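Taking it in order: structure first as structure tokens, then the write-up.
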Amino acid sequence: MTLLGQFALWAAFLIGLWSAGLAFLTRWQDRPELAAAVQRSAYAICIALLVAAFALWKGIFAHDFNIEYVASYTSRNLPEYYLVSAFWAGQKGSLLFWAVVLGIFGSLAQALTSSRFRDLLPYVAGITNLIVVFFIAVMLFGEHANPFERLSFTPPDGNGLNPQLQNPGMVVHPPMLYLGYISLTIPFAFAIAAMLARKLDAGWIIAMRKWAIMSWIFLSVGITIGMWWAYLELGWGGVWGWDPVENASFHPWLTLTAFLHSVMIQEKRGMLKRWNMTLVIGTFLLSIFGTFITRSGVIASVHSFTQSSVGYFFLAFLMVTAIVSFTLLYTRWDSLKPEAELESMVSRESAFLFNNLALVGIAFSVLWGTLFPIISEAVRGTKITVGPPFFNRVNIPLGLFLLFLTGVGPLIAWRKASVRNLQRQFIVPVAAGLVTFGVLFAMGLRGFYPLMSLGLAGFVLGTVAQEFWRGVRARMSMYGEHIFAALSRLVSRNRRRYGGYIVHVGIVAYFVAFVGLAFQEKVSVQMVPGQTEVVRSPYGHDIAFTYMGTSQYQSLNRLVSAATLQVTRDGKRLDDIVSEKRQHVDSFGRPTFEPSTEVGLHSDLREDIYVVYAGSPDGTERAQFSLIINPLVNWFWIGGVILVLGGVLAMWPGGPQIKTKRRAPVAQAGYGVPLREGAVKG
Amino acid sequence: MTTRRDAVRLMGLLLLPGALRAQDQGEATPVAGLDDADRLYSPEWAGRNRDTLTALDNDPLVIATERRMRCTCGCTLDIYTCRTTDFTCTFSPALHKEVIALWVEGKTPEEIIDFFVAREGEAILMAPPAEGFNVAGYVVPGLVMLTGALGLAAWISRRKAEVAAVEITAAPVATTPDEAARERLRRALDDVES
């Protein structure tokens, strides 16, 4: 199987080189058969890489421990679903995973893109193939990077998978992030193809728009599931630690979000072409930068793979890609002139520009903080740490500014807003924000940031509710529709816009959840069976924990010590929470890693009761626990679901052409309602 | 005649489906040995031995002090988070004991932090002190944002002025009343469609 895998890798590598040569060094524009050959090469590479993936998975499932990768990340008693995720658990497998998914995306881009973009597609194939070639080159020529490398002996069992990776979240989180990173290649390829082909009208934007939204959804899901995994698996009771690798996933998400806003200005007004091109290139480069950080070990991170020369392949790739892309952009600068100009500071365009400034500014500040230890060491020769206190101090104000703009953007008209328009638009959302602020203050909430965050959250929700209500009300008035029919048709006829508003609601949920985390209560206790400890929750409830005892048993590939706590809230029975210590063993019963911790959790919309069994003093049943009350954590996951729903709605193709009977013409249509049916495009 | 071996086989056959189901579903197979009420059957399964907690382990000032310093194990967590999260770490409990010892000696949080900075270097701080070159770390993002905002505002104002100039010079020549009406309608539709 390793021979088949190696052969498939080499085949994909050579086809990729050949097709890139055809795409960039021949006049395929005059030779349709060459253009077709380049496009078909994407499918050939995809098939070859799928064969390579099959070969590795076959080795994993067959427990072929002669393959170094299989021996390093699996064991005979590893549950089967973790055998699937072992594919991307290590450096080598994740490189192959990246190449395979890029091969699939490259093929899909060729298969699903309309033939009216035939001037771009061979270039797109050439670019995606060239990037696939880079990843295969890393595997073939990098130091200890080939997933099919064999050992000189066959161990009887493998090392097994790191216990922290034996979590359902880790089955989904890395592939989702990878899908986000990898799919960013397609918008980048279209951008470069448009510049190479000198087709710099809105065509390339239309061709790649759904890919960009899809990347954004994958990144959002990947980041959110990563937070969920960190929350459940690491046992610290938090979701985001500003770790360099976490930051690396956040950078492209921010710049891609900026692009998804600013591209609307290009579509609608023909402006910001240069800026959008810069954002697409920058987002792709940031995804490669994240990969470099993860794989080079230049910055200390709990997520990093071990330090290796592979990182320097990525650094070289990053630099070459940046130089080529920005040189190309420079040469096409004049062709990217705007077709219109801004007319007012108080306009939707300006609001989007300031929104872009905030998003890119946050991306810069996170990048700056991530790199500052290296910069400081280079300048002063002194190592420093840049941890959460730094990032919170710098980014919380920027985040609040962004939340404010999230509420402001939809309220301002395109081109130029009048004072009357502003008054009419802002009164309800501002009132919603002030009422939220006032009610929470009256209820005893204190602290500038929590009050500001929740007040602004109320403002944004007011904006979104007003947008939906005005649209629905106008449709009801114009077409005599029932409220639900009006809502359904309003949304289905402008999915991007209303999908975007739903995404804004998801973002608000995240802010609410972050505010909740600021009120976390955490205490370390030691208890003997039957003992009770009481923790006062931030809402003022008494949460009582009664330790019932620890049981020990064997299960699957682990030896478990499970401590049970009976929990009551103000004397009312709530739940029995079990937190575990797990000693993982191989198929011979030998310990493979140090014992890991499984968090015990009772979760509802108001708060999470989070228990971590830390272990026992002197081998007795007396147990140490971290008892944590985390308000509002569930809103992260709810926000994530809302975010994805909004994103999927925004990228959903087409829209039903529903014939409706118009009741009577109205002098002034409500905001967001077409004056004529079908005027609003999805 | 039923032998003892047959009886055992029969029992095995009766129990086998349940045993297999338990294995398939990853169900727990209890291990005897907890009869000794106060001792764990196998203490090593429960991880490293924990020291007895004292009131100072939950003292808010001790926690706040530890939150400002990084664990030296390389995990990037602060001492408090590491000692209450990574129960395999041997560094953070040792650092915690040192903090407690200094606290008991009557040192203030600042003095404790100074002690560790003198010994471990500035890298032990979770965030660099805002002095010297480190000021750049805190100020640059804000400055970049401010410069960007001012630049953006200036750019929009300049564009606005250019558009206004073009409209003034072009209006009498290019716009007929019908065209103007059409343009207003187009703008209104744009606003509505946005």
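In what follows, every chain begins at residue 1, and chains take the letters A, B, ... in the order their sequences are listed. This is a predicted model, so every value here is computed, not measured.
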Practice task
Would you mind checking which part of B/Asp78 comes under 4.5 Å of any heavy atom in chain A, side chain (CB onward), backbone (N, CA, C, O), both or neither?
Solution key: neither

Problem - Engaged part of A/Val525 at the chain B interface, taking heavy atoms whose separation is under 4.5 Å - result: backbone

Problem - Side chain, backbone, both or neither of A/Val366 within contact of chain B (heavy atoms, under 4.5 Å) - result: neither

Practice task
Flag the pair A/Pro389 / B/Arg68 as yes when at least one side-chain heavy-atom distance between them is below 4.5 Å, and no otherwise.
Solution key: no

Practice task
Please answer whether the main-chain N or O of B/Ser42 pairs with a side-chain N or O of A/Gln552 as donor and acceptor at a distance below 3.5 Å.
Solution key: yes

Fill in the blank from the handout: Here the gap from A/Trp242 atom CH2 to B/Met126 atom CE, rounded to the nearest 0.5 Å, amounts to 13.0 Å

Exercise for the section: Would you indicate whether the side-chain heavy atoms of A/Thr620 and B/Leu40 approach each other to under 4.5 Å? Expected result: no

Problem - Partner of A/Val523 by side chain to side chain contact (heavy atoms under 4.5 Å, CB included), out of B/Ile63, B/Asn58, B/Leu53 - result: B/Asn58

Handout entry: Spacing of B/Leu152 atom CG and A/Leu357 atom CG [to the nearest 0.5 Å]
Key = 6.0 Å

Practice task
Pick whichever of A/Gln526, A/Arg393, A/Glu580 has the most heavy-atom pairs under 4.5 Å with chain B.
Solution key: A/Gln526

Exercise for the section: Can you see which heavy atom on A/Met345 is nearest to which on B/Ser157, and at what distance? Expected result: CE-OG, 3.5 Å

Practice task
Before giving the answer on side-chain contact (heavy atoms from CB on, under 4.5 Å), spell out for A/Phe372 and B/Asn134 the whole-Å C-alpha distance, their side-chain angles and the decisive distance to 0.1 Å.
Solution key: CA-CA 9 Å; A/Phe372 195 66; B/Asn134 293 336; 3.9 Å; yes

Completion exercise
Whatever's closer than 4.5 Å to a heavy atom in chain B on A/Leu367 counts as neither

Exercise for the section: Would you check if A/Leu559 and B/Tyr41 make a side-chain contact, meaning some heavy-atom pair closer than 4.5 Å? Expected result: no

Problem - Check: B/Arg39 side chain, A/Asp618 main-chain N or O, donor-acceptor pair, under 3.5 Å - result: yes

Practice task
State, with a plain yes or no, whether a side-chain heavy atom of B/Thr52 is found less than 4.5 Å away from one of A/Arg622.
Solution key: yes

Problem - Which atoms of A/Ser524 approach chain B - backbone, side chain, both or neither, heavy atom under 4.5 Å - result: both

Handout entry: Heavy-atom closest pair, residues A/Ser616 and B/Asn49
Key = O-OD1, 3.1 Å

Practice task
Flag the pair A/Lys522 / B/Tyr80 as yes when at least one side-chain heavy-atom distance between them is below 4.5 Å, and no otherwise.
Solution key: yes

Problem - Over 12 non-hydrogen atoms of neighbours within 6.0 angstrom of CD in A/Glu80 - result: no

Handout entry: Region of A/Gln624 in contact with chain B, defined by heavy-atom distances below 4.5 Å
Key = side chain

Exercise for the section: Please flag which part of A/Ser626 lies under 4.5 Å from any non-hydrogen atom of chain B: side chain, backbone, both or neither. Expected result: side chain

Handout entry: Residue pair A/Thr385 / B/Arg70, side-chain donor-acceptor N/O under 3.5 Å
Key = yes

Handout entry: 4.5 Å side-chain heavy-atom contact, A/Leu353 and B/Ile156
Key = yes

Practice task
Give a yes or no answer on whether the side chain of A/Glu594 reaches the backbone of B/Phe87 with a donor-acceptor pair at less than 3.5 Å.
Solution key: no

Exercise for the section: For the residue pair B/Pro128 and A/Val386, establish whether any side-chain heavy-atom pair is separated by less than 4.5 Å. Expected result: yes

Completion exercise
Smallest heavy-atom separation, B/Phe133 atom then A/Arg380 atom, equals CB-CD, 3.5 Å

Practice task
Using non-hydrogen atoms and a 4.5 Å limit, figure out which bit of A/Phe354 sits close to chain B: side chain, backbone, both or neither.
Solution key: both

Handout entry: For A/Ile384 against B/Glu122, the heavy-atom pair lying closest together
Key = CG2-OE2, 3.1 Å

Fill in the blank from the handout: d(B/Arg50 CZ, A/Phe625 CZ) to nearest 0.5 Å is 12.5 Å

Problem - Heavy-atom side-chain contact between B/Asp86 and A/Trp236 under 4.5 Å - result: no

Handout entry: Verdict with reasoning, A/Lys581 to B/Glu44, per salt bridge (charged side-chain N to carboxylate O under 4.0 Å, His left out)
Key = CA-CA 10 Å; A/Lys581 280 277 175 205; B/Glu44 66 277 9; over 6 Å; no

Practice task
Would you mind checking if A/Lys383 and B/Glu120 are paired as a salt bridge, meaning a charged N to carboxylate O distance below 4.0 Å?
Solution key: no

Fill in the blank from the handout: Checking heavy-atom separations under 4.5 Å from chain A, one finds in residues 136-150 of chain B B/Ala136, B/Gly137, B/Tyr138, B/Val140, B/Pro141, B/Val144, B/Met145, B/Gly148, B/Ala149

